Amino acid sequence: MIYPVYVYGSPVLRKKAKEIVQDYEGLNQLIDDMFMTMYEADGIGFAAPQIGKSVRLIVIDGTRVEDEDNQTLKDFKKVIINPEILEEEGEEWLFNEGCLSIPNIREDISRKPRIRLQYFDEKFNFHDEYFDGIKARVIQHELDHLNGILFVDKIPAIKKKLINGKLNDISKGKTEVSYKIIHPK
Ligand code: ZN
């Protein structure tokens, strides 16, 4: 099932999501639905709160990104459950981020380039891995969603002022999108 995507202003995007237990009912279906919804909206990373489920689950698929520069994403398809970033290292770098919950806005966001991540996969196998570059970036962005943080929270106040009108419009559903959304107003 393809879900509508909750957009900016929706309270669920501001909640700290709950951990998933191993016998969580309907987990496989939820994972399939999240991939489907993400593909429908042309995303490469997606977090459960974006379909209104406040649980610590992320899906990622960078394998369909065709950009020459993004060759490193060809093997980047993952289900990430109950993730925790243990370390973030390196000199912060800017990358132009977007979000399916904040359509038609992109901003350069500064983050560290390398992370150590502990998480469970869809079979509840435990992983402890390092990621860098764009992979780290996608994980950092999606993990923020599980803590109620959005990328626009990370831009300077002056810039934020400039996009406040647009954000307000998004929260009223006044934005052009090719996928189904749910807005709070
Ligand atoms: Zn996002």
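Quantities reported herein were computed from a predicted structural model and do not represent experimental measurements.
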Single-linkage hydrophobic cluster, 4.5 Å side-chain cutoff, [X] and [Y] together:
| X | Y | result |
| --- | --- | --- |
| V5 | I149 | no |
| V177 | M38 | yes |
| V21 | I31 | yes |
| I80 | I134 | yes |
| L167 | I158 | no |

Given 3.5 Å as the limit, does a donor-acceptor pair link the side chain of [X] with the main chain of [Y], or not?
| X | Y | result |
| --- | --- | --- |
| D144 | F151 | no |
| D169 | K174 | no |
| S171 | N168 | yes |

Residues E97, K154: salt bridge by 4.0 Å N-O rule: no
I'd like to know if E40 and K180 make a salt bridge, using a cut-off of under 4.0 Å between side-chain N and carboxylate O. no
What orientation do H127 and Y119 show, parallel under 30°, tilted 30 to 60°, or perpendicular over 60°? parallel
Could you tell me if K18 sits above the aromatic ring of Y24, with its cationic atom closer than 6.0 Å to the ring centre and no more than 45 degrees from the axis? no
Side chains of [X] and [Y]: does their closest heavy-atom pair fall under 4.5 Å?
| X | Y | answer |
| --- | --- | --- |
| P83 | L146 | yes |
| F76 | I44 | no |
| D33 | Y3 | yes |
| Y8 | C99 | no |
| I58 | I139 | no |
| V138 | F131 | no |
| Y179 | I2 | no |
| V79 | M34 | no |

Closest contact, heavy atoms only, A17 versus P49: CB-CG, 4.3 Å
Looking only at heavy atoms, what is the nearest atom pair of A136 and P113, with distance? CB-O, 3.6 Å
Could I get the full list of salt bridge (Lys or Arg N to Asp or Glu O under 4.0 Å) partners for [X], not counting sequence neighbours?
| X | value |
| --- | --- |
| E129 | K78 |
| K159 | E107 |
| R14 | D153 |

From [X] atom [atom1] to [Y] atom [atom2], the distance as rounded to the nearest 0.5 Å:
| X | Y | atom1 | atom2 | result |
| --- | --- | --- | --- | --- |
| R137 | I109 | CZ | CD1 | 7.5 Å |
| L57 | L30 | CG | CG | 5.5 Å |
| N82 | Q22 | CG | CD | 10.0 Å |
| Y6 | L100 | OH | CG | 15.0 Å |
| N28 | K123 | CG | NZ | 9.5 Å |
| I20 | L27 | CD1 | CG | 5.5 Å |

Restricting to pairs with a member in residues 83-95, which pass side-chain hydrogen bond (donor to acceptor under 3.5 Å, both in side chains), not counting sequence neighbours? E87-R116, E88-Q140, E89-R114, E92-S110
Tell me the side-chain hydrogen bond (donor to acceptor under 3.5 Å, both in side chains) pairs involving residues 48-61, sequence neighbours left out? Y39-D61, Q50-S101, R56-N147, D61-T63
Would you please test V7 and T175 for side chain to side chain contact (heavy atoms under 4.5 Å, CB included) and show each step? CA-CA 10 Å; V7 295; T175 185; 6.0 Å; no
Residues in ring pair (Phe, Tyr, Trp, His ring centres under 6.0 Å) with F120, at least two apart? F124, F126
Before you tell me yes or no, could you show the steps for I170 and I105 under side chain to side chain contact (heavy atoms under 4.5 Å, CB included), namely the whole-Å CA-CA distance, both residues' side-chain angles and the distance that decides it to 0.1 Å? CA-CA 10 Å; I170 291 170; I105 293 182; 3.9 Å; yes
